[in-house]
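The structure appears right after this line, and notes come after that.
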2 protein chains.
Amino acid sequence: MHSFTEENYLKAIYKLQETNGEVVATSALAQVMGVHAPSVTDMLKRMAGKKLVTYQKSKGFKLSEKGKKVAVGIIRNHRLWEVFLVDKLGFRWDEVHDLAEQLEHIHSEDLTNKLDKFLGFPKADPHGDPIPDANGVLPKSKSVLLSSLKAGEEGTFTGVTDHSPVFLNYLDKNAISLGNSIKVASIEEYDQTYTLQLTGKKEVTVSFKVVNSLLVSR
Amino acid sequence: MHSFTEENYLKAIYKLQETNGEVVATSALAQVMGVHAPSVTDMLKRMAGKKLVTYQKSKGFKLSEKGKKVAVGIIRNHRLWEVFLVDKLGFRWDEVHDLAEQLEHIHSEDLTNKLDKFLGFPKADPHGDPIPDANGVLPKSKSVLLSSLKAGEEGTFTGVTDHSPVFLNYLDKNAISLGNSIKVASIEEYDQTYTLQLTGKKEVTVSFKVVNSLLVSR
DNA sequence: AAATTAAATTAGATTAGCCTAATTTTACTT
DNA sequence: AAGTAAAATTAGGCTAATCTAATTTAATTT
């Protein structure tokens, strides 16, 4: 159907559109794909030919409806496999990304749906990212950055915006786990460090960078 | 590491060596790979360069130790994934081959071994084919073709040599399942049809082609 | 052993996805 | 509005894996 490369472009474009707005720049895509700009121009022409993206010379590009559908399908696969790897095989949440990047490209609606059922129709992957349903519908998250809470406010830890293993390990080390309740005990005005009160009254003091990578729902 | 294509060549060569003897012909490999002969010559030169096969111009070729190791690793993956698809996800045994062909190329010893453990260290895949262990050791099968039994002899159905969905469905339709006991009730001399007595005294009459594709152990 | 047939290889092209270097287009400054 | 900087594209090349057509090598038949 589509090559792995095409699929990875689609996924990357989808994510860039999600965070950086509708239209994507060649250079931005080149950066996340780890290739040089002319390769992107090349690839986009091919993909535009297949109606996966709409592309106007030097004006940026975005996914077509068709392209979006493919991208969401891949994200669904990716997140379901991550759940499998963690829940069934016992991998840690910081180990599964690269494996899921490979598994996500195996195309079979039947496989995906059977896997979904086997896992008990999970709503989110091990990092809290929502899993699109079989129709490609992504539940709209109501989570906010922990950095947006004021001192005294509280929420439930629902996800991360930084998926790097080093950050995930940092959270493990400080016993900050998905589903925990987190209360902002205090905020140091001088350097924006946050003291957090976790489930069981444990307190940790963390930098702004940390609270700015945590999602909570209130 | 190696491309999917290379890995598929390695697997195909391994299987040809297993059934047709040590040295493999260009044309035979071209046929099973579904490509034309010059493509095979090309590919083999590349693979010889990587020490995956030993190759002498116009003299055929065979796997090196290194190549054999890679091939067996892929077969291990393939068969473990087939067990997963059937035992855990509920696929039928005639549906899993193509999916396993994709899953087998995901490389991670860690993944393979965790999957193996999750499945309870199975010894054979859903078609009865033996699964190499983590060291690449394949248990030597003591099974024989059902066609080699004489009238009155009996065995346990342990595997098939024809893996085509149409044959597997035929077996399903006649309630011939792995693990069943099968007794050769009689052999018709005229056309070599076999009447088999299955577990529970059910009798079926089948052609020579069928008994020549069934493996039994005595 | 010579002739014919079959198998394998070489030669030369093609496609996807990438590259570097050069050029063009767009955006930003003054 | 002109000049510069940044971003995007074109031009031309490379590699892996394939192809067809032509040639060479090996095997088989008479």
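Chain identifiers are assigned alphabetically (A, B, ...) following the order of the sequence lines, protein sequences preceding nucleic acid strands; residue numbering begins at 1 within each chain.
Ring geometry for A:Phe157 versus A:Trp93: interplanar angle over 60°, hence perpendicular rather than tilted (30 to 60°). The aromatic rings of B:Phe167 and B:Tyr170 sit parallel to each other, their planes meeting at less than 30°, with 60° as the upper class boundary. Taking the six-membered ring where tryptophan is involved, the planes of A:Phe4 and B:Phe4 are perpendicular, since the angle between them exceeds 60° and thus also 30°. The aromatic rings of B:Trp81 and A:Trp81 sit perpendicular to each other, their planes meeting at more than 60°, with 30° as the lower class boundary.
Rounded to an integer number of Å, the gap from A:Leu44 CG to C:dC18 C1' is 14 Å. Rounded to a whole Å, the CE atom of A:Met43 is 18 Å from the P atom of D:dA8. Taking atom CZ on B:Phe61 and atom C1' on C:dA7, their separation rounds to 12 Å, with Å as the unit. In this structure, B:Asp42 places its CG atom 10 Å from C1' of C:dT10, rounding to the nearest Å. In this structure, the NZ atom of B:Lys45 is 14 Å from the C1' atom of D:dA16, given to the nearest Å.
Between B:Ser3 and B:Asn8 there is no side-chain heavy-atom pair separated by less than 4.5 Å.
Dashed line: the shortest gap from a side-chain N or O of B:Tyr55 to OP1 or OP2 of C:dA8 is not under 4.0 Å. For the pair B:Ser39 and D:dT18, the criterion of a side-chain N or O lying under 4.0 Å from OP1 or OP2 is not met. For the pair B:Thr5 and D:dA16, the criterion of a side-chain N or O lying under 4.0 Å from OP1 or OP2 is not met. Phosphate contact (OP1/OP2 of D:dA8, side-chain N/O of A:Lys59, threshold under 4.0 Å): absent.
A salt bridge does not link B:Glu6 with B:Arg46: none of the charged nitrogens is closer than 4.0 Å to a carboxylate oxygen.
Listed by residue number, there are no residues of residues 46-54 of chain A with a heavy-atom contact under 4.0 Å to DNA chain D. A heavy atom closer than 4.0 Å to some atom of DNA chain D occurs in B:Val35, B:His36, B:Pro38, these being the qualifying members of residues 21-38 of chain B.
In this structure, A:His78 has its ring center under 6.0 Å from that of A:His97.
The two residues B:Asp94 and B:Pro165 have their closest heavy-atom pair at O-CG, 3.7 Å.
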Self-check item: Full working for side-chain hydrogen bond (donor to acceptor under 3.5 Å, both in side chains) between A:Asn77 and A:His105
Solution: CA-CA 8 Å; A:Asn77 281 344; A:His105 297 292; over 6 Å; no

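Using a 4.0 Å heavy-atom distance criterion, B:Tyr9 is classed as a sugar-phosphate-only contact.
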